[in-house]
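Values below: every heavy atom of this structure, side chains too, minus hydrogens, waters and symmetry copies.
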Amino acid sequence: MPLDYWIFDPSTCQFPKPRVPILPSTFDYSVSSNEKSAFPDIGFRHFSRGRYALGEAFRLAGVGQHGALLAPAYHCVTMLDPALALGAPVLLYSLKPDLMPDLHSLDQIYAESTVPVKALLATHFFGLVRDFSRLKQWADDKGIVLVEDCSHVLFTERYRACGAGLYGKFIASSPYKFFPCADGGLLAAQDAHFLDGVKTESAGLLCELRGIKSTIEKSRLPKLSKNDLEQIDRRLDSLVFDSLKPGVDQRIERSAQSIQYSPASATTASLLSSRWLTSHSSATNNLSRRQENYRRWVTALSDVPNCHVLYPEIPAHAAPYMFPLYLNYPTPHFYWLKLLGLPVWRWDEMVVSDCAVAEDYRLHLLHLPCHQSLSEDEMGWMVAVVRKTLALPVVGVQ
(Lines give C-alpha, C1' and ligand atoms only; values in the text may rest on other atoms or scores of the structure.)
Protein backbone atom coordinates (compact mmCIF):
# COMPACT_ATOMS: atom_id res chain seq x y z
CA MET A 1 0.00 0.00 0.00
CA PRO A 2 1.83 3.15 -1.20
CA LEU A 3 2.01 6.08 1.19
CA ASP A 4 2.63 9.76 0.48
CA TYR A 5 5.54 11.27 2.41
CA TRP A 6 6.76 14.75 3.04
CA ILE A 7 10.56 14.58 2.94
CA PHE A 8 12.98 17.37 3.78
CA ASP A 9 16.32 17.09 1.97
CA PRO A 10 19.03 19.17 3.74
CA SER A 11 21.87 18.26 1.35
CA THR A 12 22.09 21.80 -0.08
CA CYS A 13 22.20 23.45 3.36
CA GLN A 14 25.82 22.59 4.19
CA PHE A 15 25.00 21.92 7.84
CA PRO A 16 28.12 21.15 9.93
CA LYS A 17 28.37 18.24 12.35
CA PRO A 18 26.74 18.92 15.75
CA ARG A 19 29.14 20.42 18.28
CA VAL A 20 27.55 18.45 21.15
CA PRO A 21 26.50 14.75 21.22
CA ILE A 22 22.74 14.47 20.83
CA LEU A 23 22.69 11.12 22.72
CA PRO A 24 24.60 10.06 25.87
CA SER A 25 28.32 9.56 25.41
CA THR A 26 29.85 9.04 28.88
CA PHE A 27 29.45 6.31 31.50
CA ASP A 28 28.05 6.31 35.02
CA TYR A 29 28.65 3.07 36.91
CA SER A 30 27.21 4.13 40.27
CA VAL A 31 24.34 1.67 40.46
CA SER A 32 22.65 1.46 43.84
CA SER A 33 21.13 -1.76 45.13
CA ASN A 34 17.57 -0.44 45.02
CA GLU A 35 17.86 0.06 41.25
CA LYS A 36 18.39 -3.64 40.61
CA SER A 37 14.72 -4.50 40.63
CA ALA A 38 13.40 -7.19 38.29
CA PHE A 39 9.93 -7.53 36.81
CA PRO A 40 9.07 -11.23 37.05
CA ASP A 41 5.61 -10.65 35.58
CA ILE A 42 7.04 -9.32 32.31
CA GLY A 43 8.92 -11.17 29.57
CA PHE A 44 11.79 -9.61 27.61
CA ARG A 45 13.61 -10.15 24.30
CA HIS A 46 16.62 -8.11 23.11
CA PHE A 47 16.88 -6.52 19.66
CA SER A 48 19.48 -4.26 18.06
CA ARG A 49 16.99 -1.38 17.81
CA GLY A 50 13.53 -0.55 19.10
CA ARG A 51 12.17 -0.52 15.54
CA TYR A 52 12.83 -4.27 15.24
CA ALA A 53 11.20 -4.90 18.61
CA LEU A 54 8.18 -3.00 17.29
CA GLY A 55 8.21 -5.13 14.16
CA GLU A 56 8.01 -8.33 16.20
CA ALA A 57 5.21 -6.86 18.31
CA PHE A 58 3.28 -5.99 15.15
CA ARG A 59 3.80 -9.49 13.74
CA LEU A 60 2.61 -11.13 16.94
CA ALA A 61 -0.46 -8.88 16.91
CA GLY A 62 -1.40 -10.05 13.41
CA VAL A 63 -0.27 -6.98 11.46
CA GLY A 64 0.41 -7.84 7.81
CA GLN A 65 -1.20 -7.83 4.39
CA HIS A 66 -4.58 -8.62 5.93
CA GLY A 67 -4.17 -6.72 9.19
CA ALA A 68 -3.77 -2.95 9.49
CA LEU A 69 -1.81 -0.87 11.98
CA LEU A 70 -3.20 2.28 13.60
CA ALA A 71 -0.30 4.67 14.26
CA PRO A 72 0.09 8.31 15.38
CA ALA A 73 0.15 10.91 12.61
CA TYR A 74 3.16 12.58 14.25
CA HIS A 75 5.91 9.99 13.97
CA CYS A 76 9.43 9.05 13.09
CA VAL A 77 9.39 6.88 9.95
CA THR A 78 11.04 4.02 11.89
CA MET A 79 7.80 3.69 13.85
CA LEU A 80 5.98 2.75 10.64
CA ASP A 81 8.78 0.91 8.81
CA PRO A 82 8.24 -2.42 10.62
CA ALA A 83 4.58 -2.54 9.56
CA LEU A 84 5.47 -1.63 5.97
CA ALA A 85 8.10 -4.40 5.98
CA LEU A 86 5.26 -6.80 6.85
CA GLY A 87 3.25 -5.50 3.90
CA ALA A 88 0.59 -4.02 6.17
CA PRO A 89 -1.73 -1.08 5.57
CA VAL A 90 -0.86 1.83 7.89
CA LEU A 91 -3.67 4.11 9.10
CA LEU A 92 -2.74 7.36 10.82
CA TYR A 93 -4.83 8.80 13.65
CA SER A 94 -4.80 12.44 14.71
CA LEU A 95 -3.23 13.83 17.86
CA LYS A 96 -4.06 16.74 20.10
CA PRO A 97 -1.54 19.60 20.54
CA ASP A 98 -0.14 17.86 23.64
CA LEU A 99 0.38 14.73 21.45
CA MET A 100 -2.30 12.68 23.18
CA PRO A 101 -4.40 10.50 20.82
CA ASP A 102 -7.65 11.93 19.50
CA LEU A 103 -10.25 9.25 20.24
CA HIS A 104 -12.75 10.79 17.79
CA SER A 105 -10.18 10.37 15.01
CA LEU A 106 -9.59 6.76 16.06
CA ASP A 107 -13.33 6.04 15.92
CA GLN A 108 -13.61 7.53 12.44
CA ILE A 109 -10.58 5.77 10.96
CA TYR A 110 -11.55 2.44 12.49
CA ALA A 111 -15.08 2.70 11.09
CA GLU A 112 -13.81 3.55 7.60
CA SER A 113 -11.08 0.90 7.39
CA THR A 114 -11.68 -1.78 4.76
CA VAL A 115 -8.98 -3.99 6.32
CA PRO A 116 -9.27 -5.47 9.83
CA VAL A 117 -7.28 -3.37 12.32
CA LYS A 118 -5.00 -5.65 14.31
CA ALA A 119 -2.81 -3.28 16.34
CA LEU A 120 -2.82 0.22 17.78
CA LEU A 121 0.52 1.93 18.40
CA ALA A 122 0.50 4.42 21.30
CA THR A 123 3.63 6.47 21.98
CA HIS A 124 4.87 8.16 25.15
CA PHE A 125 6.48 11.08 23.32
CA PHE A 126 9.66 12.69 24.72
CA GLY A 127 9.79 10.34 27.71
CA LEU A 128 6.71 11.76 29.43
CA VAL A 129 4.59 8.75 30.41
CA ARG A 130 0.93 9.31 29.62
CA ASP A 131 -2.26 7.73 30.91
CA PHE A 132 -3.40 5.40 28.14
CA SER A 133 -6.13 3.69 30.19
CA ARG A 134 -8.96 5.04 27.98
CA LEU A 135 -6.99 4.09 24.89
CA LYS A 136 -6.51 0.57 26.21
CA GLN A 137 -10.23 0.26 26.90
CA TRP A 138 -10.99 1.48 23.37
CA ALA A 139 -8.64 -1.12 21.88
CA ASP A 140 -9.92 -3.94 24.12
CA ASP A 141 -13.54 -3.18 23.17
CA LYS A 142 -12.65 -3.67 19.50
CA GLY A 143 -10.35 -6.65 19.89
CA ILE A 144 -7.27 -4.64 18.85
CA VAL A 145 -3.83 -5.29 20.36
CA LEU A 146 -2.36 -2.20 22.03
CA VAL A 147 1.38 -1.89 21.39
CA GLU A 148 2.92 0.54 23.85
CA ASP A 149 5.79 2.50 22.35
CA CYS A 150 8.29 3.26 25.11
CA SER A 151 11.15 4.14 22.75
CA HIS A 152 11.30 7.60 24.37
CA VAL A 153 11.00 6.17 27.88
CA LEU A 154 13.64 4.98 30.35
CA PHE A 155 12.57 1.33 30.22
CA THR A 156 15.01 -1.56 30.66
CA GLU A 157 14.97 -5.06 32.13
CA ARG A 158 15.79 -3.79 35.60
CA TYR A 159 14.18 -0.34 35.54
CA ARG A 160 11.10 1.27 34.05
CA ALA A 161 9.83 4.80 34.41
CA CYS A 162 6.80 5.16 36.67
CA GLY A 163 3.60 4.30 34.80
CA ALA A 164 5.29 2.86 31.70
CA GLY A 165 4.46 -0.60 30.40
CA LEU A 166 1.06 -0.77 32.12
CA TYR A 167 -1.18 -0.65 29.07
CA GLY A 168 0.24 -2.55 26.11
CA LYS A 169 0.05 -6.27 25.49
CA PHE A 170 3.48 -5.66 23.97
CA ILE A 171 5.95 -2.91 24.90
CA ALA A 172 8.93 -1.77 22.83
CA SER A 173 11.76 0.43 24.09
CA SER A 174 15.16 1.76 22.95
CA PRO A 175 17.66 1.68 25.85
CA TYR A 176 20.48 2.99 23.63
CA LYS A 177 18.75 6.41 23.64
CA PHE A 178 19.32 6.63 27.40
CA PHE A 179 22.73 5.01 27.81
CA PRO A 180 26.08 5.41 26.01
CA CYS A 181 25.89 2.06 24.23
CA ALA A 182 26.24 1.20 20.55
CA ASP A 183 22.76 -0.29 20.15
CA GLY A 184 19.82 -1.65 22.12
CA GLY A 185 16.15 -2.42 21.65
CA LEU A 186 13.79 -4.27 23.94
CA LEU A 187 10.52 -6.11 23.44
CA ALA A 188 8.48 -6.80 26.56
CA ALA A 189 5.13 -8.47 27.14
CA GLN A 190 2.73 -8.41 30.06
CA ASP A 191 2.69 -12.22 29.93
CA ALA A 192 6.11 -13.78 29.32
CA HIS A 193 4.46 -16.66 27.43
CA PHE A 194 3.49 -14.26 24.63
CA LEU A 195 7.18 -14.20 23.65
CA ASP A 196 7.83 -17.95 23.77
CA GLY A 197 8.29 -18.21 20.00
CA VAL A 198 10.43 -15.08 19.61
CA LYS A 199 14.03 -15.91 18.70
CA THR A 200 16.93 -13.56 18.03
CA GLU A 201 20.50 -14.23 16.92
CA SER A 202 23.80 -13.03 18.33
CA ALA A 203 25.44 -10.19 16.42
CA GLY A 204 28.79 -12.01 16.50
CA LEU A 205 32.25 -11.26 17.85
CA LEU A 206 33.25 -8.76 15.15
CA CYS A 207 30.11 -6.68 15.74
CA GLU A 208 30.76 -6.81 19.49
CA LEU A 209 34.27 -5.41 18.96
CA ARG A 210 32.99 -2.69 16.65
CA GLY A 211 30.36 -1.75 19.20
CA ILE A 212 32.94 -1.42 21.97
CA LYS A 213 35.16 0.68 19.69
CA SER A 214 32.24 2.95 18.80
CA THR A 215 31.31 3.40 22.46
CA ILE A 216 34.87 4.31 23.44
CA GLU A 217 35.17 6.77 20.54
CA LYS A 218 31.94 8.53 21.56
CA SER A 219 33.29 9.05 25.06
CA ARG A 220 36.41 10.74 23.63
CA LEU A 221 34.76 13.28 21.34
CA PRO A 222 36.24 16.83 21.53
CA LYS A 223 34.68 19.06 24.17
CA LEU A 224 33.53 22.66 23.88
CA SER A 225 35.55 25.46 25.42
CA LYS A 226 34.94 29.06 26.55
CA ASN A 227 36.18 30.19 23.16
CA ASP A 228 33.18 28.49 21.53
CA LEU A 229 30.83 30.51 23.72
CA GLU A 230 32.60 33.74 22.80
CA GLN A 231 32.34 32.98 19.07
CA ILE A 232 28.52 32.69 18.94
CA ASP A 233 27.87 36.38 18.24
CA ARG A 234 30.49 36.54 15.48
CA ARG A 235 29.09 33.43 13.77
CA LEU A 236 25.53 34.71 14.02
CA ASP A 237 26.49 38.06 12.50
CA SER A 238 27.93 36.31 9.47
CA LEU A 239 24.92 34.01 9.10
CA VAL A 240 22.39 36.84 9.23
CA PHE A 241 24.05 38.63 6.32
CA ASP A 242 24.55 35.49 4.23
CA SER A 243 21.81 34.25 1.94
CA LEU A 244 20.11 31.13 3.25
CA LYS A 245 20.63 27.90 1.38
CA PRO A 246 17.29 26.25 2.13
CA GLY A 247 16.72 22.55 1.92
CA VAL A 248 14.25 20.97 -0.47
CA ASP A 249 10.86 19.98 0.94
CA GLN A 250 9.17 17.55 -1.40
CA ARG A 251 6.30 15.11 -1.50
CA ILE A 252 6.96 11.58 -2.75
CA GLU A 253 5.17 8.25 -2.83
CA ARG A 254 6.79 5.18 -1.29
CA SER A 255 5.37 1.69 -0.96
CA ALA A 256 8.10 0.11 1.19
CA GLN A 257 9.99 0.86 4.38
CA SER A 258 12.70 3.52 4.50
CA ILE A 259 16.42 2.81 4.22
CA GLN A 260 16.63 3.13 8.01
CA TYR A 261 15.00 -0.29 8.34
CA SER A 262 17.11 -3.34 7.47
CA PRO A 263 15.17 -6.62 7.23
CA ALA A 264 18.50 -8.45 7.69
CA SER A 265 18.83 -6.88 11.16
CA ALA A 266 15.26 -7.58 12.26
CA THR A 267 16.17 -10.67 14.29
CA THR A 268 19.60 -9.60 15.53
CA ALA A 269 19.97 -9.30 19.29
CA SER A 270 21.56 -6.28 20.93
CA LEU A 271 25.26 -6.41 21.71
CA LEU A 272 26.32 -7.98 24.98
CA SER A 273 28.42 -4.88 25.67
CA SER A 274 25.34 -2.67 25.23
CA ARG A 275 23.37 -4.78 27.69
CA TRP A 276 26.26 -4.68 30.16
CA LEU A 277 26.43 -0.87 29.98
CA THR A 278 22.68 -0.56 30.43
CA SER A 279 22.64 -2.83 33.48
CA HIS A 280 25.68 -1.17 35.09
CA SER A 281 24.68 2.47 34.62
CA SER A 282 22.72 4.38 37.23
CA ALA A 283 19.09 4.89 36.27
CA THR A 284 18.62 7.18 39.29
CA ASN A 285 21.39 9.55 38.20
CA ASN A 286 20.17 9.31 34.62
CA LEU A 287 16.71 10.47 35.65
CA SER A 288 17.85 13.29 37.95
CA ARG A 289 20.36 14.73 35.46
CA ARG A 290 17.81 14.68 32.64
CA GLN A 291 15.24 16.45 34.80
CA GLU A 292 17.82 19.03 35.81
CA ASN A 293 18.81 19.76 32.21
CA TYR A 294 15.19 19.80 31.02
CA ARG A 295 14.19 22.35 33.67
CA ARG A 296 17.24 24.42 32.83
CA TRP A 297 15.99 24.63 29.24
CA VAL A 298 12.53 25.69 30.47
CA THR A 299 13.92 28.45 32.70
CA ALA A 300 16.42 29.69 30.11
CA LEU A 301 13.82 30.02 27.34
CA SER A 302 10.94 31.41 29.41
CA ASP A 303 11.51 34.97 28.12
CA VAL A 304 12.80 34.15 24.62
CA PRO A 305 10.64 35.32 21.66
CA ASN A 306 9.67 33.35 18.55
CA CYS A 307 9.22 30.03 20.35
CA HIS A 308 7.42 28.19 23.11
CA VAL A 309 8.13 25.10 25.19
CA LEU A 310 5.75 22.25 24.42
CA TYR A 311 5.76 20.93 28.01
CA PRO A 312 6.78 23.67 30.49
CA GLU A 313 6.15 21.29 33.40
CA ILE A 314 7.09 17.64 33.74
CA PRO A 315 6.14 15.10 36.42
CA ALA A 316 8.57 14.53 39.28
CA HIS A 317 9.19 10.93 38.16
CA ALA A 318 9.73 11.70 34.45
CA ALA A 319 13.00 10.86 32.69
CA PRO A 320 12.74 13.14 29.63
CA TYR A 321 14.29 11.83 26.44
CA MET A 322 14.48 15.16 24.58
CA PHE A 323 13.41 18.75 25.13
CA PRO A 324 10.65 19.68 22.62
CA LEU A 325 10.77 23.33 21.49
CA TYR A 326 8.28 24.87 19.07
CA LEU A 327 9.72 27.44 16.63
CA ASN A 328 7.45 30.13 15.25
CA TYR A 329 9.75 30.66 12.27
CA PRO A 330 11.69 27.55 11.21
CA THR A 331 12.95 29.70 8.37
CA PRO A 332 15.40 31.15 9.24
CA HIS A 333 15.83 30.06 12.88
CA PHE A 334 16.08 26.31 12.28
CA TYR A 335 18.72 26.89 9.63
CA TRP A 336 20.77 29.27 11.78
CA LEU A 337 20.69 26.86 14.73
CA LYS A 338 21.86 23.98 12.55
CA LEU A 339 24.57 26.09 10.90
CA LEU A 340 25.90 26.99 14.35
CA GLY A 341 26.28 23.28 15.07
CA LEU A 342 23.43 22.92 17.57
CA PRO A 343 22.49 19.24 17.99
CA VAL A 344 18.84 19.18 16.97
CA TRP A 345 16.49 16.58 15.55
CA ARG A 346 13.24 17.21 13.72
CA TRP A 347 10.78 14.69 12.31
CA ASP A 348 10.57 16.31 8.90
CA GLU A 349 10.18 13.01 7.02
CA MET A 350 6.61 12.01 7.70
CA VAL A 351 3.63 10.35 6.06
CA VAL A 352 1.02 12.85 4.85
CA SER A 353 -2.14 12.83 6.97
CA ASP A 354 -5.20 14.92 7.83
CA CYS A 355 -3.77 15.74 11.27
CA ALA A 356 -3.16 19.49 11.57
CA VAL A 357 -0.92 18.99 14.61
CA ALA A 358 1.39 16.57 12.76
CA GLU A 359 1.53 18.86 9.74
CA ASP A 360 2.46 21.80 11.96
CA TYR A 361 4.96 20.02 14.21
CA ARG A 362 6.80 18.40 11.30
CA LEU A 363 8.82 21.54 10.58
CA HIS A 364 8.20 23.60 13.72
CA LEU A 365 8.94 21.20 16.60
CA LEU A 366 12.60 20.71 17.49
CA HIS A 367 14.03 17.91 19.65
CA LEU A 368 16.94 19.23 21.75
CA PRO A 369 19.21 17.09 23.97
CA CYS A 370 18.83 17.03 27.75
CA HIS A 371 20.70 13.79 28.48
CA GLN A 372 22.85 13.00 31.49
CA SER A 373 26.21 13.24 29.69
CA LEU A 374 25.92 16.97 28.98
CA SER A 375 28.58 19.04 30.73
CA GLU A 376 28.09 22.50 32.20
CA ASP A 377 29.97 24.03 29.24
CA GLU A 378 27.84 22.13 26.72
CA MET A 379 24.54 23.11 28.34
CA GLY A 380 25.72 26.72 28.67
CA TRP A 381 26.75 26.86 25.01
CA MET A 382 23.49 25.32 23.74
CA VAL A 383 21.33 27.64 25.85
CA ALA A 384 23.29 30.66 24.61
CA VAL A 385 22.99 29.54 20.97
CA VAL A 386 19.21 29.15 21.21
CA ARG A 387 18.63 32.37 23.18
CA LYS A 388 20.77 34.51 20.87
CA THR A 389 19.45 32.97 17.67
CA LEU A 390 15.74 33.17 18.47
CA ALA A 391 16.12 36.77 19.65
CA LEU A 392 17.11 37.80 16.12
CA PRO A 393 14.37 39.36 13.95
CA VAL A 394 13.18 37.48 10.89
CA VAL A 395 11.77 40.42 8.91
CA GLY A 396 13.59 40.80 5.62
CA VAL A 397 15.48 37.51 5.86
CA GLN A 398 15.70 35.85 2.45
Side-chain angles (χ1 to χ4, degrees), residues 1-10 49-55 57-59 61 63-126 135 144 146-149 151-152 172 174 247-263 266 322 324 326 330 345-367:
M1 174 181 164
L3 294 172
D4 284 334
Y5 288 80
W6 278 113
I7 294 183
F8 175 77
D9 178 5
R49 287 285 190 273
R51 68 199 68 166
Y52 304 120
L54 275 179
F58 294 161
R59 186 189 69 81
V63 171
Q65 291 184 354
H66 306 292
L69 170 71
L70 273 169
Y74 182 70
H75 56 265
C76 170
V77 291
T78 58
M79 294 161 62
L80 310 186
D81 281 343
L84 296 175
L86 292 167
V90 174
L91 311 174
L92 300 180
Y93 62 85
S94 293
L95 299 164
K96 299 176 182 178
D98 65 354
L99 294 178
M100 279 292 283
D102 184 332
L103 288 177
H104 176 73
S105 172
L106 280 167
D107 282 332
Q108 183 177 7
I109 294 170
Y110 176 79
E112 294 175 355
S113 177
T114 58
V115 180
V117 176
K118 294 295 184 179
L120 167 64
L121 181 64
T123 302
H124 299 289
F125 291 101
F126 299 105
L135 201 62
I144 297 172
L146 179 62
V147 178
E148 194 172 344
D149 181 9
S151 57
H152 286 188
S174 299
V248 178
D249 207 27
Q250 56 188 327
R251 185 165 170 168
I252 68 167
E253 185 179 272
R254 194 164 69 209
S255 58
Q257 67 271 17
S258 73
I259 60 173
Q260 298 179 61
Y261 187 94
S262 169
M322 289 278 185
Y326 183 94
W345 278 343
R346 187 176 72 168
W347 285 349
D348 43 36
E349 181 177 345
M350 191 176 293
V351 175
V352 178
S353 71
D354 295 329
C355 177
V357 170
E359 181 183 4
D360 184 34
Y361 286 4
R362 187 179 78 88
L363 295 181
H364 288 258
L365 192 62
L366 304 188
H367 308 189

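Taking the side chain as every heavy atom from C-beta outward, D249 and R362 approach each other to under 4.5 Å. Side-chain contact between L363 and W6: absent, with no pair of heavy atoms (C-beta onward) separated by less than 4.5 Å. Between Y74 and C355 there is no side-chain heavy-atom pair separated by less than 4.5 Å. Between I7 and R254 the shortest side-chain heavy-atom distance falls below 4.5 Å. Two residues are said to be in side-chain contact when any heavy atoms from C-beta on lie closer than 4.5 Å; L3 and L84 meet this criterion. Contact of the H124 side chain with the E148 side chain is registered, since non-hydrogen atoms from C-beta on lie closer than 4.5 Å. Using a 4.5 Å heavy-atom cutoff, the side chains of M79 and P72 are in contact.
Checked by atom type and distance alone, the side chain of Y261 never pairs as donor or acceptor with a backbone atom of L80 at under 3.5 Å. In this structure a side-chain-to-backbone donor-acceptor pair under 3.5 Å is missing from R251 to Y5. Checked by atom type and distance alone, the side chain of D81 never pairs as donor or acceptor with a backbone atom of Q257 at under 3.5 Å. The backbone N or O of T78 sits nowhere less than 3.5 Å from a side-chain atom of R49 that would complete a donor-acceptor pair. T123 places no side-chain N or O within donor-acceptor distance of the main-chain N or O of F125, the cut-off being under 3.5 Å.
Applying the side-chain hydrogen bond (donor to acceptor under 3.5 Å, both in side chains) criterion to S174, with sequence neighbours excluded, gives no partner residue. For D360, the side-chain hydrogen bond (donor to acceptor under 3.5 Å, both in side chains) partners two or more places apart in sequence, or in a different chain, are Y326.
In this structure, I144 CD1 and L70 CG are separated by 6.0 Å, a value rounded to the nearest 0.5 Å. The CG atom of L146 sits 8.5 Å away from atom CG of L121, with the distance rounded to the nearest 0.5 Å. D149 CG to H75 NE2: the interatomic distance, rounded to the nearest 0.5 Å, is 12.5 Å.
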Handout entry: CA sep, side-chain torsions, deciding dist, call: Y361, L95, side chain to side chain contact (heavy atoms under 4.5 Å, CB included)
Key = CA-CA 11 Å; Y361 286 4; L95 299 164; over 6 Å; no

Exercise for the section: Evaluate the side chain to side chain contact (heavy atoms under 4.5 Å, CB included) criterion for residues V63 and V147: first the C-alpha distance (whole Å), next the side-chain angles of each, then the deciding distance (0.1 Å), finally the verdict. Expected result: CA-CA 11 Å; V63 171; V147 178; over 6 Å; no

Practice task
Just do the side chain to side chain contact (heavy atoms under 4.5 Å, CB included) check on V117 and I109 with the steps written out, would you?
Solution key: CA-CA 10 Å; V117 176; I109 294 170; over 6 Å; no

Handout entry: From CA spacing to verdict: side chain to side chain contact (heavy atoms under 4.5 Å, CB included), M350, E359
Key = CA-CA 9 Å; M350 191 176 293; E359 181 183 4; over 6 Å; no

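Note on ring orientation: taking the six-membered ring where Trp is involved, the planes of F126 and W347 are parallel (angle under 30°, cut-offs 30° and 60°).
Listed here is the closest heavy atom pair of G55 and L86: O-CD1, 3.9 Å. Considering all non-hydrogen atoms of both residues, H66 and K118 come closest at O-CE, 4.5 Å. The two residues L91 and S113 make their nearest non-hydrogen contact at CD1-OG, 3.5 Å. Contact detail for H367 and L365: the closest heavy-atom pair is CD2-O, 3.7 Å. In terms of heavy-atom proximity, V115 sits nearest to G67 at CG1-N, 3.9 Å. The shortest non-hydrogen separation linking Y93 to P101 is CE1-CB, 3.6 Å.
Remark: D348 engages R346 in a salt bridge, criterion side-chain N to carboxylate O under 4.0 Å.
Counting heavy-atom neighbours within 6.0 Å of D107 CG, excluding the residue itself, gives a total above 12.
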